[in-house]
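Everything below concerns the one structure shown next.
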Amino acid sequence: MRTDQILTRLERVFARLDREPERPAHLQTPQMSRHRVVLLGSTLAFYLAIVVAVLTTSWLVRLDWQIMFFRPYEQWPQLHAFLDYLVVLGQRGPTAVMVAAWLGWRSWRQHTLRPLITLGVALLLLNITVGSVKLGLGRLGPHYATEIGSAELFAGGDIFPSGHTANAVVTWGILAYLASTGVTRRVLSVVSAVVSLSVGATTVYLGTHWVSDVLLGWSAGLLILLALPWFEPLIARTEAYVFDVRELLRRRAETGRMPAPVVSVLTPLLSAGGKWQLRTPAEAAADVEEPVPQPVTATVAAAAAVTAHSPTARPAAHPAGRPHVIRSERTPVTPNGSRRPAHTERATARGAAARPVAGG
């Protein structure tokens with residue numbers, strides 16, 4: 001596909017967003033309030049308590065083994081078929097596609113890219129935080145446990161915390177986070193909580209996770225949702241950056257050449273005040289100071305001419321762009337006699353007066 005065709009399609013996608021460049025007044029971004037900070041601290045304390053309880057093989061590990069031996073999937077086998085489908089609501093791929101489709105439609109209606117960018121930031125934080133803990137602790141699941149009563153840590157597993165549970169909390173909770181009204185936010189919060197709790201309990205029923213895995217997955221997902229207001233400035237700057245890049249591409253399609261601020265597109269991270277931050281192309285272009293030509297007055301020109309003809313003036317420096325010509329370093333050979341060919345008719349007799357140097 002040609003470049004102009006791609007730009008035309010992008011222009012159609014962004015045309016809807018151009019109708020209302022400013023976000024509507026009723027779409028207020030959540031703030032990091034005192035209540036949210038208290039919830040964040042409490043959830044973090046609960047998260048650390050679960051990790052310590054598993055590391056020390058406490059009563060929580062014994063509870064894990066008791067429920068594993070209870071085998072809920074054998075106690076209520078009639079629920080197995082339904083719960084096999086329900087657990088899909090916690091898988092990363094299907095849930096991300098469904099929620100991204102809904103948020104894409106909201107971006108189209110509300111003329112803003114914030115819903116999609118927020119979802120991307122939340123999923124990125126989820127992969128980094130949950131994935132690092134999974135690989136670091138390396139816990140085995142119930143079906144692969146080797147020693148009864150053991151926490152099964154550092155054995156090459158990847159089930160602690162539960163990724164299904166944390167993903168359900170973040171993916172469905174982001175809908176409540178992005179709600180435009182208080183009533184909608186409360187309703188979606190209840191719905192997302194029910195879905196995430198159901199997914200976590202289903203993994204325990206199927207025997208794919210310990211109870212402690214699910215508890216840590218719930219707290220891990222909730223920590224990401226509570227910390228999202230700290231990333232709102234980054235989300236806003238990313239949205240502005242995307243629109244500025246689109247504007248540069250539009251100018252290139254119209255003029256046939258890339259404008260000067262394209263350097264900021266290639267290097268979006270510019271240093272400002274000793275800190276690295278995301279700069280938009282418009283801001284980066286404003287920071288580049290172009291040299292202002294100084295007017296040459298008659299006095300300055302006369303002084304320059306006098307200095308150039310002064311006997312004490314220094315010689316001009318060799319241009320840096322032209323390489324010096326290096327001559328051969330061979331030793332010069334001095335001939336024994338004159339280099340002029342001998343002329344027999346001009347030869348003088350032996351002992352006669354020498355020929356004058358200036359010629360006869």
Side-chain angles (χ1 to χ4, degrees), residues 28-61 63-64 90 99 114-115 117-137 139 151 153 159-179 181-201 203-204 209-238 275 277:
Q28 300 296 332
T29 58
Q31 303 296 324
M32 203 65 186
S33 61
R34 181 178 302 178
H35 177 69
R36 186 180 287 269
V37 171
V38 172
L39 287 178
L40 179 65
S42 303
T43 307
L44 181 59
F46 181 76
Y47 183 97
L48 296 177
I50 297 295
V51 174
V52 172
V54 174
L55 288 174
T56 57
T57 317
S58 63
W59 61 270
L60 186 57
V61 177
L63 177 63
D64 289 338
V99 174
R114 177 175 170 265
I117 298 176
T118 305
L119 175 63
V121 171
L123 293 181
L124 181 61
L125 292 174
L126 178 66
N127 289 334
I128 294 175
T129 56
V130 174
S132 59
V133 176
K134 277 175 174 286
L135 298 178
L137 297 179
R139 192 181 190 188
L153 294 173
I159 55 104
F160 183 68
S162 171
H164 273 71
T165 307
N167 182 73
V169 174
V170 172
T171 307
W172 301 109
I174 203 72
L175 299 179
Y177 178 83
L178 294 172
T181 62
V183 176
T184 306
R185 181 176 291 110
R186 286 190 291 269
V187 172
L188 291 178
S189 297
V190 174
V191 172
S192 61
V194 171
V195 172
S196 58
L197 290 173
S198 301
V199 170
T203 60
V204 176
H209 280 287
W210 307 98
V211 174
S212 54
D213 298 341
V214 175
L215 294 178
L216 196 66
W218 281 331
S219 57
L222 187 57
L223 282 175
I224 294 175
L225 290 179
L226 292 174
L228 273 181
W230 281 335
F231 296 88
E232 284 294 340
L234 175 62
I235 294 172
R237 299 186 72 86
T238 303
K275 299 181 179 179
Q277 60 180 350

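Partner L216 forms a side chain to side chain contact (heavy atoms under 4.5 Å, CB included) with one of V54, L48, V51 and no other, that one being V51.
In this view, L63 and W59, L60, Q66, I67 satisfy the side-chain contact (heavy atoms from CB on, under 4.5 Å) rule, not counting sequence neighbours. The side-chain contact (heavy atoms from CB on, under 4.5 Å) check on S33 picks up H35, R36, with sequence neighbours excluded. Residues forming a side-chain contact (heavy atoms from CB on, under 4.5 Å) with A176 (at least two apart in sequence, or on another chain): L188, S189. Among residues two or more places apart in sequence or in another chain, the side-chain contact (heavy atoms from CB on, under 4.5 Å) test is passed with I128 by L124. By the side-chain hydrogen bond (donor to acceptor under 3.5 Å, both in side chains) test, T171 is found to be paired with N167, residues two or more places apart in sequence or in another chain being considered. The side-chain hydrogen bond (donor to acceptor under 3.5 Å, both in side chains) search around S58 returns none, not counting sequence neighbours.
Contact check for V61 versus T56: no side-chain heavy atoms found under the 4.5 Å cut-off. The closest side-chain heavy-atom distance from W218 to L197 is below 4.5 Å. Counting only heavy atoms from C-beta outward, the side chains of F231 and L125 approach each other to under 4.5 Å. Two residues are said to be in side-chain contact when any heavy atoms from C-beta on lie closer than 4.5 Å; L228 and P30 fail this criterion.
In this structure, the separation between CD1 on I174 and CD1 on I224 is 9.5 Å, given to the nearest 0.5 Å. The distance from the CG atom of L225 to the OG atom of S192 is 7.5 Å, given to the nearest 0.5 Å. Remark: L226 CG to Y177 OH distance equals 10.0 Å, nearest 0.5 Å.
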Run the side-chain donor-acceptor check on residues 39-47: report pairs under 3.5 Å with partners two or more places apart or on a different chain.
from, atom 1, to, atom 2, distance (Å)
S42, OG, V38, O, 2.9
T43, OG1, L39, O, 2.8

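For the residue pair A151 and T57, the shortest heavy atom distance occurs at CB-OG1, 4.2 Å. Summarising the geometry of G200 relative to V214, their closest heavy-atom pair is O-CG2, 3.3 Å, with the distance given to 0.1 Å. Across all non-hydrogen atoms, the minimal contact from T203 to H164 is CG2-CB, 4.1 Å. Contact between A168 and S196 at its shortest, heavy atoms only, is CB-CA, 3.9 Å. Summarising the geometry of P115 relative to L178, their closest heavy-atom pair is CA-CD1, 3.7 Å, with the distance given to 0.1 Å.
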Legend entry - S212 vs F160, side chain to side chain contact (heavy atoms under 4.5 Å, CB included): CA-CA, chis, key distance, verdict: CA-CA 8 Å; S212 54; F160 183 68; 4.2 Å; yes

Legend entry - Steps toward side chain to side chain contact (heavy atoms under 4.5 Å, CB included) verdict (T165, L215): CA-CA 9 Å; T165 307; L215 294 178; over 6 Å; no

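Here side-chain hydrogen bond (donor to acceptor under 3.5 Å, both in side chains) pairs that include residues 118-135, with residues two or more places apart or in two chains, are R92-N127. Sorted by first and then second residue, the salt bridge (Lys or Arg N to Asp or Glu O under 4.0 Å) pairs with a member in residues 209-219 read R139-D213; sequence neighbours excluded. The list of salt bridge (Lys or Arg N to Asp or Glu O under 4.0 Å) pairs with a residue in residues 216-234, not counting sequence neighbours, reads R114-E232.
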